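Written below as structure tokens is the structure these notes are about.
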Amino acid sequence: MRYFIETWGCQMNDHDSEKLAGTLETMGYAPTEEPSEADIYLLNTCTIREKAEEKVFSRLGVLRQVKQQRNGDMVIGVTGCVAQQEGGQIFSRAPYVDLVLGTQALKQLPEMIENVASHKGHQVNVGQDPENHLFPPHNISRRSRIKGLITIMEGCDNYCTYCIVPFTRGRERSRPWEDIVAEAQRLADNGTKEIELLGQNVNSYYSTISFAELLRKLNEIEALEVVRYVSPHPKDFDRDVIETLRDCPRIATNIHLPAQSGNSRILKRMGREHTREHYLEKVAMIREVLGNNCSLTSDFIVGFPGELEKEFNDTVTLLQDVGYDRIFSFMYSPRPGTGAIKHGDPVPQEEKSRRLQILQQTQNELQKERMTGRIGRDYQVLVDTLKPEDRFPVAGRTRDNILVHLEAKGAPERYFGRNLAVKITGAGLHTLRGQIIED
Ligand code: 5AD
Ligand code: SF4
């Protein structure tokens with residue numbers, strides 16, 4: 001019996017897929033690379049932006065044909081954020097789907113599969129298991145040997161007015177720190193070099209200790225090289241967290257500080273807790289504590305309802321004032337059930353697209369300069385990719401999360417999983433090139 005899981009969206013979805021895979025493996029299923037061999041096919045979906053439902057139904061149309069080729073002998077399941085959002089409505093448009101499993105009931109999968117097998121009809125569970133975030137770590141089937149994903153919290157209580165996440169992922173819940181440290185230690189004992197802490201608001205983490213204290217505990221695990229975390233919220237980057245990055249050599253120093261806009265009126269309409277001024281104060285504090293030893297990245301939305309040209313220009317100048325190493329920028333897309341839906345979508349598509357281009361062009365120019373500024377500097381690079389055919393056959397990321405391609409002497413395999421001292425010799429827009437200093 002075989003399974004195939006197709007995953008869209010963020011790292012939380014990647015990790016949910018690892019949890020679903022582990023669950024299927026404990027039921028006796030083995031993974032397959034070939035969709036037509038799958039007895040169970042799960043589509044793990046995302047609904048953060050644009051026509052997510054349409055994309056799901058068009059993909060399901062293809063899976064329907066695969067199912068027909070197998071004479072109906074394939075269980076099709078929709079999981080993830082579209083499943084959570086649409087629930088049983090999915091069956092009315094795609095009756096060949098067998099099960100719909102939401103984001104907060106992962107442990108229900110075996111029961112649902114058994115019910116499908118015993119001809120009990122369509123199965124749907126979009127309920128909220130208050131212990132979903134306490135998923136048993138031994139039931140996780142991990143895709144990478146050297147990089148381990150660890151859930152530390154789930155959910156979001158912020159309700160930014162553009163965002164669907166509070167509706168698809170529920171209220172904030174944090175895992176006890178002892179469980180997290182034990183999972184990290186076990187991974188490290190088994191050869192994992194890098195862990196990535198996951199949460200919809202990862203730094204809103206709170207159990208009996210704070211996020212900064214959790215980082216300090218993980219920094220003690222000697223077999224680990226790097227501890228990363230996604231996705232953070234600017235409101236929870238306090239001085240304690242920033243000083244922890246300065247003092248703890250294993251904690252990654254890329255600071256993702258999603259601004260969304262550079263204009264305080266738009267930020268208020270977005271329901272963000274910061275103004276432009278607060279945000280710039282935070283950036284100044286980061287620069288004061290960490291200087292050049294960190295990278296800064298951000299997310300932006302252009303064309304939020306009511307965004308005037310001059311307000312958009314404030315976003316452009318924010319890029320210039322901050323100096324980001326990378327940005328992720330998107331055109332506003334109205335999401336069902338969110339606070340901003342009442343404003344409609346008044347900024348025309350062409351105008352959104354024009355603003356996006358201006359923003360990206362501005363960033364590209366600034367980014368080129370910043371990347372070039374790294375030439376000649378030394379970094380530690382944790383090798384996680386090998387491409388033996390390439391001129392630069394070894395690749396990995398710096399502690400501040402910049403991708404570096406490396407020349408290698410001899411067989412590239414011997415570098416895999418090592419944290420190498422590297423001198424930067426060249427820079428592109430998104431990646432650096434370098435030479436290994438100590439072999
Ligand atoms: N429209 C466009 N972009 C969005 N994002 C979240 N919701 C929307 C939306 N409705 C962007 C934000 C967020 C990133 C993950 O996706 O920039 O930080
Ligand atoms: Fe997509 Fe957000 Fe759901 Fe992740 S949490 S899968 S980004 S909608």
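Numbering of ligands and ligand atoms starts at 1, following listing order. Keep in mind that what you see is a predicted model, and the values were worked out from it rather than measured.
Close contacts between ligand 1 and R335 involve ligand atoms 10 (N) [criterion: under 4.0 Å to a heavy atom]. Close approach of ligand 1 to F330 (heavy-atom distance below 4.0 Å) involves ligand atoms 3 (N), 11 (C), 14 (C), 16 (O), 17 (O). Atoms of ligand 1 found under 4.0 Å from any heavy atom of D299, numbered from 1 in the order shown, are 13 (C), 14 (C), 15 (C), 17 (O), 18 (O). Those atoms of ligand 1 that come under 4.0 Å of a heavy atom in Y332, given as number and element, are 1 (N), 2 (C).
Proximity of the aromatic rings of Y229 and F211 is defined here by a centroid distance below 6.0 angstrom, and this criterion is met. A centroid separation of 6.0 Å or more is found between the aromatic rings of F330 and Y162.
Electrostatic pairing of K193 and E225 does not count as a salt bridge here, judged by no charged N lying under 4.0 Å from a carboxylate O. Using a cutoff of 4.0 Å between basic side-chain nitrogens and carboxylate oxygens, K147 and E196 are scored as salt-bridged.
Of all the listed residues (E50, H233, Q200, R49), R49 holds the heavy atom that lies closest to atom 5 (N) of ligand 1. Nearest residue to atom 1 (N) of ligand 1 from S329, S333, P334 is S333 (criterion: closest heavy atom).
When non-hydrogen atoms are compared, ligand 1 lies under 4.0 Å from the side chain of Q260 (C-beta onward) but not from its backbone. Using a 4.0 Å cut-off between heavy atoms, Y162 contacts ligand 1 through both its backbone and its side chain.
Just one of K268, R265, R269, R355 meets the salt bridge (Lys or Arg N to Asp or Glu O under 4.0 Å) condition when paired with E311; it is R265.
Here the straight-line distance linking atom CZ of R171 with atom CD of Q128 works out to 7.5 Å at 0.5 Å rounding.
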